[in-house]
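Structure first, then comments.
What's counted below: heavy atoms across the whole structure, side chains too, no hydrogens, waters or symmetry copies. Here the structure is a predicted model, which is why all the values come from computation and not from measurement.
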Amino acid sequence: MTSIQPQRVRRLGPDGDPAGGDFVLYWMQAAVRTTANHALEFASERANQAGVPLLVAFVIDPDYPESSLRHHRFLVEGLSSVAPRLERRRAGLRVEIGSPPQVISRLAGRATELVTDRGYLRLHREWRQEVADSVVIPTYEVETNLVVPVEVTSNKQEYAARTIRPRVHRRLEDYLLEPHEIESAHDGRALSGGVDPGGHDRIVEQIDVDPAVPPSARFRGGEEAALENLDRFLEDLVDGYDEARGEPGVAGTSELSPYLHFGHLSPITVVAAARQATGGSGDGYETLVEELVVRRELSHNYTWFQPAYDSYASLPGWARQTLDDHRHDPRRHIYSTDQLEAAETHDPYWNAAMTEMRETGYMHNYMRMYWGKQIIFWTEAPEAAFETALYLNNRYFLDGRDPNSYAGVGWCFGLHDRAWPEREVIGKVRTMTAGGLERKKDMAAYLRRVEDLTGVKPAGSG
């Protein structure tokens with residue numbers, strides 16, 4: 001028996017009882033934290049039941065697609081943060097550099113059982129299935145990065161937020177439960193080994209990653225940093241988050257997405273803390289639940305049920321049709337990928353957004369929508385615009401290569417949206433304009449904020 005809700009646990013294989021071994025192996029990959037980690041607690045419980053210690057393993061893939069120095073530094077900072085927390089819980093930690101399926105399959109040769117957390121992208125799912133097919137011990141996958149497990153919410157790809165919202169809210173209270181921390185009955189710290197997770201620079205030096213995208217000076221990875229940012233956000237949540245979040249010129253967003261992406265923070269922890277701070281009511285709290293649970297879980301639904309989530313072909317048929325109808329419309333400006341990366345367009349607001357993204361690994365949520373839609377206007381074909389937006393997204397954002405990111409780029413092209421009045425180039429896909437920004441937002445404040453954050457004056461900002 002286990003205290004983790006059975007709907008969070010999926011047996012990947014093979015059939016049979018636990019084997020004789022030296023430890024239970026928890027393959028930590030998607031949830032690098034000890035707080036509200038259902039997979040960790042499930043593995044701890046299984047180890048106690050088997051009368052063996054727990055070994056936690058993380059494998060750094062030096063060939064991970066589209067990874068940069070920025071991504072790897074944040075990742076390693078997360079490992080450095082989790083190491084002493086696991087040691088206090090008497091669990092072993094082994095960090096290795098290599099092919100995750102190969103390393104985990106080797107380590108599983110000494111394990112009684114294998115537990116892993118769930119990944120939602122194609123590569124993550126392939127990794128887990130490859131391991132499950134290669135080992136001879138019971139293998140479990142535990143959902144811990146969503147509030148409501150994806151299959152509990154729906155058994156198909158949902159069309160939009162309005163279709164998934166009632167499904168999420170119907171089960172929300174059942175799953176807003178942080179798992180109990182399970183004390184390790186057997187000391188596994190002697191099992192620790194591999195590379196030192198505290199040696200950030202030494203680890204990164206061993207990985208051949210793109211050095212052209214440097215680490216973010218604005219964000220530090222790890223569980224402690226995530227919880228510190230959460231504490232800061234809770235003050236904003238109480239003091240008008242619902243209004244401040246939409247203003248690019250102020251620090252009104254949660255800025256928690258990098259920590260959610262790397263698994264340094266659980267969405268359940270965020271909602272539970274927000275509920276305590278607000279009493280579980282108010283516009284700020286309701287907006288947070290909409291964004292963090294409904295919209296985020298819509299994105300995971302998309303990547304789970306849509307095999308081509310990273311392809312232009314995954315867009316709704318109406319969106320592809322209207323963009324195709326307008327593919328030959330004249331473009332007032334055409335920019336190369338290099339010009340876009342350098343933030344050298346005629347639009348100072350777009351340049352500021354690209355500068356924030358390139359220099360810090362983050363961009364204000366409202367500006368992300370504007371940023372993506374302008375690329376459609378400035379690229380010769382909609383398919384090329386999609387590829388360019390996804391390339392820049394995955395290269396520079398700390399939270400790139402994430403279900404939220406894939407759905408976010410897709411939304412700029414009509415995903416999870418409806419048809420709007422028809423316009424040149426963009427057709428019936430929702431548009432955003434510089435004039436609209438100026439009417440609705442204090443864009444002068446945003447230009448100043450980006451310069452303050454990055455030390456770079458956006459081109460065209462005067």
**Asked** Please walk me through it: do Asp310 and Arg122 pass salt bridge (charged side-chain N to carboxylate O under 4.0 Å, His left out)?
**Response** CA-CA 10 Å; Asp310 54 352; Arg122 186 181 307 109; 2.9 Å; yes
**Prompt:** Do the side-chain N and O atoms of Glu223 and Thr35 include a donor-acceptor pair separated by under 3.5 angstrom?
**Reply:** yes
**Prompt:** So, Tyr309 and Gln157: side-chain donor and acceptor under 3.5 Å apart, yes or no?
**Reply:** no
**Message:** Quick check with a 6.0 Å cut-off and a 45 degree axis cone: is Arg118 positioned over the face of Trp304's six-membered ring?
**Reply:** yes
**Asked** In this structure, which one of Trp378, Tyr446, Tyr370 forms a ring-ring contact (aromatic ring centres under 6.0 Å, His included) with Trp350?
**Response** Trp378
**Asked** Is a side-chain donor-acceptor pair under 3.5 Å present for Tyr335 with His346?
**Response** yes
**No-hydrogen, no-angle side-chain donor-acceptor test under 3.5 Å, Ser105 and Ser134** = yes
**Prompt:** When you measure from the centre of the six-membered ring of Tyr366, is the NZ or CZ of Lys441 under 6.0 Å away and within 45° of the axis?
**Reply:** yes
**Under 3.5 Å side-chain donor-acceptor pair for Gln321 and Asp325** = yes
**Message:** With no hydrogens and no angle check, just 3.5 Å: does a side-chain donor-acceptor pair link Glu341 and Tyr396?
**Reply:** yes
**Request:** Begin from the C-alpha positions of Asp117 and Arg128 and carry the test salt bridge (charged side-chain N to carboxylate O under 4.0 Å, His left out) through to its verdict.
**Result:** CA-CA 9 Å; Asp117 39 38; Arg128 286 158 177 78; 3.2 Å; yes
**Request:** Assess the side chains of Glu178 and Thr269: does a donor N or O sit below 3.5 Å from an acceptor N or O?
**Result:** yes
**Request:** State whether Trp318 and Arg418 meet the cation-pi test: NZ (Lys) or CZ (Arg) under 6.0 Å from the six-membered ring centroid, and within 45° of the perpendicular axis.
**Result:** no
**Message:** Just checking Phe219 against Tyr362, ring centres under 6.0 Å apart?
**Reply:** yes
**Asked** So, Arg275 and Tyr285: side-chain donor and acceptor under 3.5 Å apart, yes or no?
**Response** yes
**Request:** Indicate, with yes or no, if the rings of Tyr140 and Phe42 have centres closer together than 6.0 Å.
**Result:** yes
**Donor on one side chain, acceptor on other, Arg33 and Asn145, under 3.5 Å** = yes
**Message:** Are Tyr64 and His72, when compared by the centres of their aromatic rings, separated by less than 6.0 Å?
**Reply:** no
**Message:** I need the full list of salt bridge (Lys or Arg N to Asp or Glu O under 4.0 Å) pairs touching residues 349-373, with sequence neighbours left out, sorted by first then second residue.
**Reply:** Arg218-Glu356, Arg368-Asp399
**Message:** Any donor-acceptor pair under 3.5 Å linking the side-chain atoms of His264 with those of Glu77?
**Reply:** no
**Request:** Start with the C-alpha gap between Glu66 and Arg395, add the side-chain angles, then the distance that decides, and say whether salt bridge (charged side-chain N to carboxylate O under 4.0 Å, His left out) holds.
**Result:** CA-CA 6 Å; Glu66 301 175 287; Arg395 178 173 171 81; over 6 Å; no
